[in-house]
J.: 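Shown below is the structure under consideration.
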Amino acid sequence: MKKIFRRSFMRATSLLAPTLREAPAEAEIISHQLLVRAGFIRRVAAGVYNYLPLTMRVLKKIEQIIREEMDAAGGQELLMPIIQPAELWQDSGRWNVYGPELFRLKDRHDRDFALGPTHEEIITSLVKGEVSSYKQLPLLLYQIQNKYRDERRPRFGLLRGREFIMKDLYSFDRDQEGLDVSYMKMYHAYTKIFKRCGLTFRPVEADSGAIGGSDTHEFMVLADSGEAAVLFCGNEDCEYAANVEKAAQVFKNEKEKEELKPLSVKETPNMRTVEQVSTFLNIKPQKIIKTILYENEHGVVAALVRGDREVNEIKLLNALGCLRLDLAGENTVKKATGAAVGFAGPVGLKGIKIIADLEVAALVNAVAGANKGDAHIINVNPGRDFTIDLLTDIRMVQAGEPCPSCGSELKEARGIEVGQVFKLGDKYSKILGATYSDENGTSKTIIMGCYGIGVTRTMAAAVEQNHDQDGIIWPASIAPFHTVIIPVNTRDSSQVDLAEEIYGRLWSGGVETVLDDRAERAGVKFKDADLIGYPLRITIGSKAVAEKQVEVRVRKTGEMYLVPLDQVESVVRELLGKL
RNA sequence: CGGGAUGUAGCGCAGUUUGGCUAGCGCGCUUGCCUUGGGAGCAAGAGGCCGGGGGUUCAAAUCCCUCCAUCCCGACCA
């Protein structure tokens, strides 16, 4: 490529941003496709990527925003190792619990190590050694670093990689009240961070899952491709929002006022699903007791929900307090109920724990499987006909149901989880023995919280949320560059000179600018500019030279401004401020 | 980890059914001419262990065996 321009800052001719017309076949979601096509990432192995220069610039900006907010909230940055000795994980008990997601390796002496998927063990061990007095608390420590998870199924490009960059902060407090303060600091810092990144997001209540602990919120970037479903209150004054896994049902205990009728068995040949039974017997799905069998480490349990509801396996798992939970296989169902799948019911089930959703106990004269082939029982009444061992909320809440906080209607959306704040309590400090002495010299366990932000995932989420058919539309705060300057005809030296002049002025004024000095036709440069997603584009054609005005175009809206030469910098700044 | 599919040039694909190939096409890349406001045109080129290994055959991208990788569908997670 001929060098046409004289000076060299960031010129398209030297920038490694290899754009592609077509996306690789394996890229199924838009952020993955666009990041590959626009020359941001290249795949190395499943779920492992090269981050090209454009990506590095975006990541650095996101990280900078995170650093500023973490520091403002009192956080101190440190860096912990990726390679962690197995002993730490054995001490916490997670060497066995974490399972195949933990990348494991051995050194030359055959000693076990793990690639850190998270750093609770390491940091707790560090603090245990270095903190001994209440005077040293609270303490907020964070790092921004690579994490490793050997995902069952890496996919979606940067959204679910096996190697990714994460900011993780850990808080150490004297007590629960201190933790509450740290937690709120982080919650507010996260709100600022995602706002500054230009994202539309929502903090939602979430399940605490395998990390163990109590309160937790997830920060969800709203996007149709999101893997998580969230429910939020339709009332704008109400802030309730929750992951569907967590969302609590509003239960009105209204038992129908019907005479209890005697049990009776009905033939229901081949009627297995709620829909079939409901149609066949001409009754509403709400009057059916759906019985789902699960297996866990203790044996088989029966989960009961109303026919129009779905079991929430997370709630069920938590209610049972078990480690694992799997839908029972065909054979297990036959053995446990004596009937094929589709005819299980609570009446006469022996030796199986029955856990029912709140709504089930309110049913009168309901229908349930008969535990024999091709039959259901009608007029089933909980309490009279079977005993519920555990009665609690174990069902999915759906859009349209009342908000637990204000009673308005709930709405549903999809979200990409980019951050999580979590109250760990004493889970790790206790097991690893991280204690401090209080004013009285009494030894107490440190109370912890952990707070993560997926940095690479945030970048991908930004693309999911900000793109059109032509390419990426970066929010200005995290864009790799602010503007691109495109001289239309690189053989016209007056255009080239003018482009150079503006380029130099913008750079010295601190506006991050790429000069597309390639000897390509204008169309090619326009396409690449749209694809890469520079927030602003400055086009310099023959008219610009003749009329001393350049064209500034806003990527997001397509708006064009004709700007006199001496005002380019101020107009660019003004436009950027609004993006 | 189960079930399904695919591996051919940097990317997207054809060829495999029915062995005959000296392996093609589009984009991209190189050189020249031409063109210069939305991925132009012409011409000449470069680029392949047809995923690896083993077999069958006169002959294998093509048939068989076996690994490996990738993708899609099903209970995790930032």
Side-chain angles (χ1 to χ4, degrees), chain A residues 1 18-28 32-33 36-37 39 42-43 45-47 97-102 117-118 145-156 158-168 190 206-211 216 218-221 227-228 243 245 294-296 311-314 316-317 324-329 415-422 450-461 470-471 486-492 495-496 518-531 537 539-544 551 553 558 560:
Chain A
M1 190 68 59
T19 55
L20 261 29
R21 280 204 207 203
E22 293 168 292
E26 76 255 18
E28 45 173 335
H32 189 187
Q33 293 169 356
V36 173
R37 281 192 56 210
R42 287 293 184 266
R43 197 185 74 97
V97 173
Y98 217 94
E101 301 239 318
L102 189 64
T118 173
Q145 200 222 37
N146 280 5
K147 295 278 189 271
Y148 297 83
R149 288 190 197 167
D150 197 355
E151 290 279 350
R152 177 182 12 213
R153 195 136 90 78
R155 56 183 158 173
F156 302 148
L158 295 190
L159 277 183
R160 180 174 291 272
R162 293 193 293 174
E163 176 182 81
F164 54 96
I165 299 173
M166 190 170 146
K167 183 284 308 182
D168 46 329
Y190 275 34
D207 180 74
S208 48
I211 308 178
T216 176
E218 291 167 344
F219 285 75
M220 296 282 191
V221 165
E227 290 184 86
N243 191 313
E245 293 175 351
Y294 285 90
E295 275 181 284
N296 64 13
V311 174
N312 181 327
E313 295 184 3
I314 303 288
L316 184 58
L317 186 106
R324 61 172 195 90
L325 189 67
D326 296 291
L327 205 55
I416 300 164
E417 184 188 349
V418 289
Q420 185 166 27
V421 291
F422 208 107
C450 68
Y451 315 85
I453 291 180
V455 178
T456 35
R457 181 181 269 192
T458 297
M459 169 172 159
D470 294 320
I486 297 182
V488 170
N489 186 343
T490 48
R491 290 197 317 185
D492 180 341
Q495 288 183 28
V496 168
R518 296 175 299 169
E520 292 284 355
R521 294 159 60 89
V524 173
K525 299 194 211 179
F526 291 152
K527 286 287 182 192
D528 276 349
D530 287 349
L531 184 58
R537 184 183 90 192
T539 311
I540 293 164
S542 51
K543 263 199 329 202
E551 178 187 298
R553 181 176 183 269
M560 304 247 221

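Nothing here was measured: the structure is a model prediction, and the numbers come from that model. Every chain is numbered from 1, with letters handed out A, B, ... down the list of sequences.
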J.: Using Watson-Crick or G-U wobble geometry with both distances under 3.5 Å, which nucleotide pairs with B:U22?
T.: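 Base-paired to nothing in any strand shown.
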J.: Look at the side chain of A:Glu551 against the base of B:G37 and say whether a donor-acceptor pair falls under 3.5 Å; ignore hydrogens and angles.
T.: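 A donor-acceptor contact between them is present.
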J.: In this structure, how many angstroms lie between the P atom of B:C77 and the CZ atom of A:Phe156, rounded?
T.: 17 Å
J.: Using a cut-off of 4.0 Å between protein heavy atoms and nucleotide atoms, how would you tag nucleotides 43-49 of chain B 5' to 3' with B, S and -?
T.: -------
J.: List the residues meeting side-chain contact (heavy atoms from CB on, under 4.5 Å) with A:Glu22, not counting sequence neighbours, and say none if there are none.
T.: none
J.: Taking only N/O atoms, report every protein-nucleotides 7-13 of chain B pair under 3.5 Å with atom names and distance.
T.:
residue, atom, partner, partner atom, Å
B:C11, O2', A:Glu22, O, 3.3
B:G12, OP1, A:Ala25, N, 2.6
B:G12, O2', A:Glu22, OE2, 3.2

J.: What residues form a salt bridge (charged side-chain N to carboxylate O under 4.0 Å, His left out) with A:Glu295, not counting sequence neighbours?
T.: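 Applying salt bridge (charged side-chain N to carboxylate O under 4.0 Å, His left out) to A:Glu295 gives none.
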J.: On the side chain of A:Arg160, is there an atom forming a donor-acceptor pair with the base of B:C77 - under 3.5 Å, no angle test?
T.: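 Indeed there is one.
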J.: Tell me every residue that passes salt bridge (charged side-chain N to carboxylate O under 4.0 Å, His left out) with A:Asp528, counting only those two or more places apart in sequence or in another chain.
T.: A:Arg518
J.: Given B:A78, B:A40, B:C76, identify the nucleotide with an atom nearest to the side chain of A:Phe164.
T.: B:A78
J.: Is it the case that the base of B:G38 and the side chain of A:Arg537 share a donor-acceptor contact (distance under 3.5 Å, atom types as modelled)?
T.: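 Side chain to base: pair present.
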J.: Going by side-chain contact (heavy atoms from CB on, under 4.5 Å), name the residues that satisfy it together with A:Arg537, two or more places apart in sequence or in a different chain.
T.: A:Val484, A:Ile486, A:Phe526, A:Ala529, A:Asp530, A:Thr539, A:Glu551, A:Arg553
